[in-house]
Amino acid sequence: MSLATAGGSVTDRTSAAIAEVLSGRRKGGTLLFMGPAVIASIAYMDPGNFATNIQAGAHYGYALLWVVVAANLVAMLFQSLSAKLGIVTGRNLAELCRSQLPRPLVWVMWVVSEVAAMATDLAEFLGGAIGLSLLFGLPLLAGMGVTAIVTYGLLMFERHGFRPMELIIGGLVGLIGLCYLAELFIAPVDWGAAALGAVTPQMPDGAALMIAVGIIGATVMPHALYLHSGLTQSRTTPENAAQRRLLVRFSNREVVLALSVAGLVNMAMVIMAASAFHLGYSNVSEIETAYHTLTPLLGAGAAGIFLVSLIASGVSSSVVGTMAGQMIMQGFVGFRIPIFVRRLVTMVPAFVVVAIGVNTTYALVLSQVVLSIALPVPMIALVLFTCRRDLMGEFANSMLTNVLAIGGSVLVLGLNAVLLLQTFGVEIAG
């Protein structure tokens, strides 16, 4: 059936209903405003999360759950700022960087952002390919090819407007969430230890630091910060400050809800790995090993559910990554390229990694560390822009918001600095 009906397309009907709510002619309508944060939230459940969360749970049990909680709280703050920026200014973060910052700095930021996009694609393609390879017995390269084809097919729905894509991604988010809900009923969880790990900051050893930084890189994603501002900038056009306030209010609710779901999924990943692997199988560090170990431990059903969630994650996050990449390129340098060209360029490194035989899970974890190191670029820009009254007017950040945002940025910068110093020290010692 066509997406267009007698009443107009899905997007047209949604836009008309949103306009009625904003004008006061219609009450409620919370679901109408759901979409941008749901799409952004898939970046918080991509295959890189699987890799880092499996390692965190298998190696350290429930001890690093607090890192997931802290990272998710930081993510909520920055995604809400990104959404607000798009709603209030009508421009996305990359566009504002190009118009407000010195040109040499803009070029540097663009390069860093493109590197981050390639690291994102590496994680997404590898995750989808690993899942297909294990579930259907496909060679890894063939699995990557299937992931690329499915991703391109889903991206074609974007031409029908924003709503079909929001519904597709929302469905895949729901599938991932249901898979991990089922896993928690199957795994023998120590809920008391899990609750304690979620609220007790600790860093068991130096190796845990790299996994912690990887968790942050996999949770607070650079491309999601750029993307969210673009998704809200043109979804609907507010006519006055009152409508902008209403949009920001709906947006904040959606961010809390969507990222709460993403956070719970990430916690479920760590809890499942801790419950299944930490006692007796703490050396499990690869997705493939996790799958093969789950089968005798928790049964074929648990292992199959794990793979379904991994494939859904790889495909959906690959779609969202391509959308973000287009937005970053258009914002920073002012031009678009065909989607299939964009898809081809950013997935080449992933194919190269597989072709030369690099350990896939290790590549996934390293990709998340790269993302964490790139993360301060959009974080700092976002704080600078949203605190400016000349850009944001009455919607400029409050003092408390600025303090929390600066604190979050300092936390990420600090962890990155410690990681780099640790890496430098290891090299010197060797």
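None of these values were measured; they are calculated from a predicted model. The figures that follow rest on heavy atoms only: side chains count, while hydrogens, waters and symmetry mates do not. In this chain, numbering begins with 1 at the start of the sequence shown.
With contacts defined as side-chain heavy-atom distances shorter than 4.5 Å, the pair Glu158/Gln326 does not qualify. Using a 4.5 Å cut-off on side-chain heavy atoms (C-beta onward), Phe332 and Val106 make contact. Contact check for Arg244 versus Glu239: no side-chain heavy atoms found under the 4.5 Å cut-off. Side-chain atoms of Trp191 and Ile271, non-hydrogen and from C-beta on, do get closer than 4.5 Å to each other. At a threshold of 4.5 Å between non-hydrogen side-chain atoms, the residues Ile186 and Ile305 count as touching. Side chains of Val68 and Met269 form no contact here, defined as non-hydrogen atoms less than 4.5 Å apart. Looking only at side-chain heavy atoms (C-beta outward), Val69 and Met267 come within less than 4.5 Å of each other. Between Leu64 and Met203 the shortest side-chain heavy-atom distance falls below 4.5 Å.
The number of heavy atoms from other shown groups lying within 6.0 Å of CD (Gln202) is above 12.
Using modelled atom types, one side-chain atom of Asn266 and one backbone atom of Tyr44 make a donor-acceptor pair closer than 3.5 Å. When atom types are taken as modelled, the side chain of Asn72 and the backbone of Leu259 share a donor-acceptor pair closer than 3.5 angstrom. Without hydrogens or angle criteria, Ser133 side chain to Ile130 main chain gives no donor-acceptor distance under 3.5 Å. Of the possible polar contacts, one joining the Thr11 side chain to the Phe162 backbone as a donor-acceptor pair under 3.5 Å is found. No side-chain donor-acceptor contact under 3.5 Å links Ser251 to the backbone of Leu247.
Distance check: Asn397 CG to Ile406 CD1 gives 9.0 Å after rounding to the nearest 0.5 Å.
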Checklist entry - Given Arg235 and Ile18, is the side chain to side chain contact (heavy atoms under 4.5 Å, CB included) satisfied, shown in steps? => result CA-CA 10 Å; Arg235 193 171 186 269; Ile18 288 173; 3.4 Å; yes

Checklist entry - Can you check side chain to side chain contact (heavy atoms under 4.5 Å, CB included) on Ile39 and Glu166, steps first, answer last? => result CA-CA 6 Å; Ile39 288 180; Glu166 291 173 352; 3.6 Å; yes

Next on the checklist: Walk me through whether Phe250 and Leu22 qualify under side chain to side chain contact (heavy atoms under 4.5 Å, CB included).
Outcome noted: CA-CA 11 Å; Phe250 276 117; Leu22 291 178; 5.6 Å; no

Item to check | Derivation of the side chain to side chain contact (heavy atoms under 4.5 Å, CB included) call for Met165 and Val319 | outcome: CA-CA 9 Å; Met165 187 61 74; Val319 170; 3.8 Å; yes

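Contact record, Ala208 with Tyr60: N-OH, 3.2 Å, taken as the closest heavy-atom pair. In this structure, Ala224 and Ala43 approach most closely via the heavy-atom pair CB-CB, 3.9 Å. Here the shortest heavy-atom pairing between Phe395 and Lys84 reads O-NZ, 2.9 Å. Scanning both residues, Gly57 and His278, for their nearest heavy atoms gives O-CB, 3.6 Å. Summarising the geometry of Arg163 relative to Leu31, their closest heavy-atom pair is NH2-O, 3.0 Å, with the distance given to 0.1 Å. The minimum heavy-atom distance between Leu175 and Ala312, with the atom names listed, is CD2-CB, 3.8 Å.
A donor-acceptor contact under 3.5 angstrom links the side chains of Ser275 and Tyr62, judged on distance only.
When each of Pro378, Ser82, Ser113 is paired with Leu93, the side-chain contact (heavy atoms from CB on, under 4.5 Å) condition holds for Pro378 and for no other.
Here Glu394 pairs with Arg245 in a salt bridge; the nearest charged N to carboxylate O distance falls below 4.0 Å.
Using bins of under 30°, 30° to 60° and over 60° for the plane-to-plane angle, the ring pair Phe306/Tyr180 lands in the perpendicular bin.
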